[in-house]
Amino acid sequence: MLARLKGKWTYFVIAALLLFLILIPFNWSLGQYTVLMIFIGLFTMVTVGLCLLLGYTGQVSLGQATFYGTGAYISAVLSKICGVNPWLAMLIAAVATGAFAYVIGYPIFRLRGNYLAVATLALGVIVYILLRQLGPGGPDGMAGIPYLSIGGFVFDTSFKRYFLVWFFCLAVLLISQNIVRSRTGRALRAIHGSEAAAESIGINVDQFKVKIFVLSAVYASLAGSLLAHQMSHISPGSFSPLVSIIIVVMAVIGGLASVWGAIFGAATVSILKYELLLGFGEWDIVIYGLILMLVMIFMPEGLFVRLRELYGRWRFRYAQRGAET
Amino acid sequence: MAIQVCTERGGNLSEPILETKSLSKAFGGLVALDKVDLAIEAGKITAIIGPNGAGKTTLFNVITGIYPASDGEVLFQGTPLKDTPPHKRAALGIARTFQNVLLFGNMTVLENIMTGQHPRSRYGFIGAALRLPKAHREEETISLNAMKYLNMVGLGTHAEQNALSLPLGQQKLLAIARALATEPQLLLLDEPGAGLNKLEKQELSDLIRRIRENRISVILVEHDMPLVMGLAEWVIVLDSGQKIAEGTAAQIQKDQRVIAAYLGEEVE
Ligand SMILES: Nc1ncnc2c1ncn2[C@@H]1O[C@H](COP(=O)(O)OP(=O)(O)OP(=O)(O)O)[C@@H](O)[C@H]1O
Ligand SMILES: [Mg+2]
C-alpha cells in the first residue's frame, strides 16, 4: 500500500514537472528563457549518461563532451556537406559515436580510478584538437546546418525546438530510470559496490562498464546532434575539455546516484553559466571548481540528494508535530 | 531423457564435482599454492584448514578465476576451466563468499540477494529500458527467489535495510544468501565463522547443513575447529601452499604433521 502510494508520488512529480516545462515557453515572463531551457535540456541528456556511468557504476569519465562533439559534428557534416536528411544524420551520428565508445571502451576500462580519469580527459583533449585542426571550419566551426523537420513542419524557432529537445530529454530520463530499476541497474551498482563480488555472482564487469559507457556516449551524441541542428552553427569550443568538467559539476550537483537530479544539476550550472556569471567571462570556471570542491567536501552524495533528504526530514518533523497536537 | 538429466545433475557418486591437478600459484617469488591435487566429492561438506598464510584464500581465488593459475589446472564437473572468466564460472555453478564479506553497501539486503540472481536471469539493457513484458516476468521471479533465500538465512525482517547496517554475523549470512541466489552446485565459504559469537556460529552451522541437504556441495575454509569438526565429512589440510594431509575429522585430529603445522604457527 505504502509502496503504491510512493510510486504514485513519483508520477505526480513527473506530471508537475512536465506541466511546468510545457508552460515555460508560453508564459510571457519566462518566454525569454526558452533558449536557456533548451540548453538545460541538452546538458541534462549528457549529464544523465555520466550519472549512470559515474554515480551508479562508479566509473569516472572526464571526457563526455567528446561524444557531445562527435554527435554534433557528424550530424553537421552529413546533413550540410553530404546532404543527408538531418534525422538520418542524427541516427548515423549516434550509431557511429556509440561504436567509437565501444572500441575505445575495452582498452580504457582496463584502467581504474585516477588512471581512468586521466585517460578520458586525454581522449577529450585529443578529439578537441582534432576538431580544431581538421574539423570543417577549424576553430571557427561550421554554419548553415539544416534544421530538423517533420513533414513540412520545420523546427526553425526556439519555441518549437524547445519541445523537440525536451521530448528527447524526457525520453532519455525515462529510459535511464527504467534501466536503474532493473537487473541491469543492479549489476551496475554491484560493480560500484565491489567488482570482485560482482564477478563472483556472474556479472560480466568489463562488458557492463563498456555498455554503460556506450549508452552515455549515445545520449551525448543525440544531445550534440540536437544542438547542431538547432543552433545551425557549431564550433569546437562547445565541446572542449572544459565542457567535460562542467558536465562533471552538473552530475555532482545533481547527486550522482539520481537520474532526475541530472535536471537539477544541469539547470543550476546552466543558469550560472548563461545568466548569473556572464560578467565573469572565462573566470566562471573558477566558480565551478569552487562549487565542485564544496559539494564534494560537504555533501558528497550531491546537492540534489541532500536537499531531498532535508525536505524528507522537514516533512517528518512536520508530521510529528501534527501528530502531537 | 529426464532420468539422464537427473543423473548428470546429481552427479555420479564416484565423480568429484571439483578437481585440481598439480595446481600452483606464485606471487613473484612467493609460492602460495604448490602442486595441489584435490578431488572434492559432490554433495559433501569438505573443509580446508591450515594456518594463516597457508594459501586457502588463494586456492579459492584460483578456483573462481580471480587469479590465473601459474601451473596445473582446475576441473569443474570434469571440464577444465582454464580460459573460463570468473563470471562464467559463477554461471556454471561455482559460488563463493569472501573472507572480508564484500557486500554491496549501496544496496538493501534484498537487493543484494536479487543481484545474486544475475546468472539465472537474462533480460538486458533493451528489456530494461523499454520495460518489456519479459523484463517484468523475470523481475517477478527474481523477487520471489530472492525472498526465498532471504528467509532461508533468516533475514526476512531486514529486507529493506541497507546491507551494511546489519551486524557482522548477519552480514555473513547475507553474503551466503547472495551466493546461494546464483543457484550454485558448489559453494565456497571463506571463513564464514570468523567474528561470530557462539549463537551465530550455531545458526551458521545449521544453515550449512541445510545447504548440503539441498544437494549443494560445500567447501568450507574455517579456523574454528569445533565448527569444522562438527560439519566436515572430509578435511584437507594446507600448509605453506602444500596439501599435507586429508581424511575424516577424526583422522586429521590425530595426524602428526597437522599437529606440527599448527604448533609451528603458535611458536612463530
Ligand atoms: N595478491 C597477492 N599478492 C601477493 N601475495 C599474496 C596475494 N594474495 C595472497 N598472497 C600471499 O600468499 C600467501 C597465502 O595467502 P592466503 O591469503 O591464501 O592465505 P590463507 O590461507 O587464506 O590465510 P588466512 O587464514 O590468514 O586467511 C600469503 O603469504 C599471502 O601473503
Ligand atoms: Mg584467507
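Letters A, B, ... mirror the listed sequences (proteins, then strands); counts begin at 1.
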So, B/Glu138 and B/Arg120, do they make that salt bridge, N to O below 4.0 Å?
no
So that I know where these two stand, are B/His118 and A/Phe208 an aromatic pair - ring centroids less than 6.0 Å apart?
yes
Out of B/Thr115, B/Leu92, B/Leu102, return the one with the most heavy atom pairs under 4.5 angstrom to chain A.
B/Thr115
Applying a strict 4.5 Å limit to non-hydrogen atoms, the region of B/Glu139 in contact with chain A is side chain
Answer key: most heavy-atom pairs under 4.5 Å with chain B among A/Ala198, A/Ala190, A/Gly185 is A/Ala190
Can you tell me which of B/Lys88, B/Arg178, B/Arg96, B/Arg89 forms the most heavy-atom pairs within a distance under 4.5 Å of chain A?
B/Arg178
Find the distance between CD1 (A/Ile203) and CD1 (A/Ile191) and round it off to the nearest 0.5 Å.
6.5 Å
Looking only at heavy atoms and a cut-off of under 4.5 Å, which of A/Val205, A/Ile175, A/Ile179, A/Leu215 has the most pairs with chain B?
A/Ile179
Please confirm whether A/Lys209 makes a cation-pi placement over A/Phe213, using NZ or CZ under 6.0 Å from the six-membered ring centre and within 45° of the ring normal.
no
Chain B contacts, top residue of A/Gly202, A/Ala196, A/Gly193 (heavy-atom pairs, under 4.5 Å):
A/Gly202
Less than 6.0 Å separating the ring centroids of B/Phe60 and B/Phe98?
no
For chain A, which candidate among B/Ala129, B/Ala90, B/Ala91, B/Pro184 shows the most heavy-atom pairs at distances under 4.5 Å?
B/Ala129
Give a yes or no on whether B/Leu168 atom CG has more than 12 heavy-atom contacts from other residues, nucleotides or ligands under 6.0 Å away.
yes
Tell me, out of A/Val180, A/Ile201, A/Ile212, A/Leu174, who's got the most heavy-atom pairs with chain B below 4.5 Å.
A/Ile201
